[in-house]
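Structure first, commentary second.
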Amino acid sequence: MLTTRFVDGAPCWIDVTTPDPEGAASFYRALFGWTYRSAGAEGGGYGFLERAGRIVAGCAPLTGDQDPAAWTVYVRSSDADATAGAVRKARGSVPAPPVTVGEQGRSAVLADPMGAAFGVWQPGRRAGLESVGEAGSLCWAELYTPDIARAAAFYHAVLGWETSAVSFPGGVYTSVGPQGTGEEGAFGGMVPLADDPVEAAESRPHWLPYIGAEDPDAVAARAAELGGRVRMPPTSIPGVGRLARLEDPYGARFAVLRGDPRET
């Protein structure tokens with residue numbers, strides 16, 4: 001369960017890198033009611049996406065040496081440099097080494113051995129997002145990977161994550177959470193890339209953020225109207241809820257979820 005009482009190893013931030021921050025902000029404003037606020041002259045074009053006055057995500061312009069538009073999930077670390085070192089030791093990579101972000105904190109973008117990128121955030125004055133776990137904010141995160149066992153071992157070594165097998169109609173799901181938090185601390189899961197036709201057909205290993213939505217069907221329809229793409233139409237999963245996987249007009253992928261164990 002995601003909360004703003006962030007602990008080491010828990011997701012604490014998400015941001016979208018895009019070739020058109022203004023256009024992306026307009027898309028997400030129409031989709032979720034998010035408003036955009038610039039980080040200021042020293043922010044390098046970075047800005048904050050807010051809902052009801054609370055930060056729910058960041059938004060950054062793409063630079064020439066970056067990959068295409070994408071959402072990045074960041075986890076909390078009390079020492080970003082040590083985490084980057086642990087990633088190297090575990091045979092991951094460090095695409096963007098740790099940098100200090102003013103007095104706000106210290107940030108890095110890392111990647112696991114299969115190539116899935118994720119971020120770490122060492123908090124200074126800013127602990128993380130101001131809203132999670134509710135409609136219009138981050139509520140879950142999934143890793144699509146070709147090797148669950150290898151991924152689980154990597155993230156345990158680097159971030160102390162624990163995994164557990166959760167049975168549901170049709171299979172078993174691998175949930176993840178910070179060490180010592182049990183099922184209550186689960187914030188996401190790992191999915192075999194080859195077993196998911198939507199992701200396997202056109203994806204490399206990646207993290208996918210889920211945004212809470214009261215009406216996933218309406219959000220999916222609106223995303224298509226706004227020039228985005230519905231990658232997986234709204235689907236109900238018993239014991240989980242109703243979800244859809246989407247893509248914004250610039251190619252950044254995300255999902256929406258209404259959690260409801262009564263869904264059939």
Side-chain angles (χ1 to χ4, degrees), residues 1-6 10-16 18 23-37 47-59 70-74 128-144 166 168-170 173 175-177 183-189 191 196 198-199 207-250 252-264:
M1 178 179 178
L2 282 168
T3 77
T4 52
R5 298 187 299 275
F6 301 117
C12 64
W13 194 263
I14 53 172
D15 64 19
V16 60
T18 176
S26 177
F27 172 82
Y28 290 106
R29 180 172 57 251
L31 200 64
F32 297 124
W34 293 352
T35 57
Y36 176 84
R37 176 169 61 86
F48 304 110
L49 296 167
E50 300 178 335
R51 184 174 185 270
R54 295 183 293 171
I55 296 174
V56 295
C59 181
W71 278 95
T72 301
V73 177
Y74 293 74
L129 299 174
E130 296 172 348
S131 176
V132 298
E134 57 187 51
S137 63
L138 178 69
C139 67
W140 195 252
E142 278 182 339
L143 171 67
Y144 290 84
V166 179
F168 68 96
Y173 186 78
S175 67
V176 297
E183 291 186 7
E184 289 298 316
F187 58 75
V191 180
D196 192 294
V198 174
E199 302 301 327
W207 279 95
L208 185 72
Y210 279 70
I211 307 300
E214 295 177 354
D215 188 344
D217 294 72
V219 173
R222 184 64 172 143
E225 292 173 358
L226 295 167
R229 184 163 76 98
V230 179
R231 302 182 60 246
M232 185 185 84
T235 303
S236 291
I237 300 177
V240 176
R242 191 160 178 83
L243 59 90
R245 296 185 209 153
L246 310 171
E247 185 176 292
D248 73 18
Y250 310 98
R253 297 172 178 177
F254 62 101
V256 291
L257 170 67
R258 182 186 68 216
D260 187 347
R262 297 167 298 178
E263 288 285 357
T264 57

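- In this view, Ser175 and Ser164 satisfy the side-chain hydrogen bond (donor to acceptor under 3.5 Å, both in side chains) rule, not counting sequence neighbours.
- Not counting sequence neighbours, the partners of Thr4 by the side-chain contact (heavy atoms from CB on, under 4.5 Å) test are Phe6, Val132.
- Residues forming a side-chain contact (heavy atoms from CB on, under 4.5 Å) with Ala220 (at least two apart in sequence, or on another chain): Val230, Pro234, Ala244, Leu246.
- Note: Cys59 SG to Trp71 CH2 = 7.5 Å, rounded to the nearest 0.5 Å.
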Side chain to side chain contact (heavy atoms under 4.5 Å, CB included) evaluation trace for Phe187 with Val73
CA-CA 12 Å; Phe187 58 75; Val73 177; over 6 Å; no

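- With sequence neighbours excluded, the residues that form a side-chain contact (heavy atoms from CB on, under 4.5 Å) with Ala30 are Arg222, Leu226.
- Every residue meeting the side-chain hydrogen bond (donor to acceptor under 3.5 Å, both in side chains) condition with Tyr173, not counting sequence neighbours, appears here in chain and number order: Trp140, Glu142.
- Considering only residues two or more places apart in sequence or on other chains, Phe32 meets the ring-ring contact (aromatic ring centres under 6.0 Å, His included) condition with Trp34.
- Scored by the side-chain contact (heavy atoms from CB on, under 4.5 Å) test, Thr235 finds Met232 as partners (sequence neighbours excluded).
- Glu134 pairs by the salt bridge (charged side-chain N to carboxylate O under 4.0 Å, His left out) definition with Arg54, not counting sequence neighbours.
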Would you check, one step at a time, whether the test side chain to side chain contact (heavy atoms under 4.5 Å, CB included) holds for Val176 with Leu143?
CA-CA 10 Å; Val176 297; Leu143 171 67; over 6 Å; no

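- Residues meeting the salt bridge (charged side-chain N to carboxylate O under 4.0 Å, His left out) test with Arg37, sequence neighbours left out: Glu50.
- Asp248 meets the side-chain hydrogen bond (donor to acceptor under 3.5 Å, both in side chains) test with Tyr28; sequence neighbours excluded.
- Judged as a salt bridge (charged side-chain N to carboxylate O under 4.0 Å, His left out), and not counting sequence neighbours, Asp215 has no contacts.
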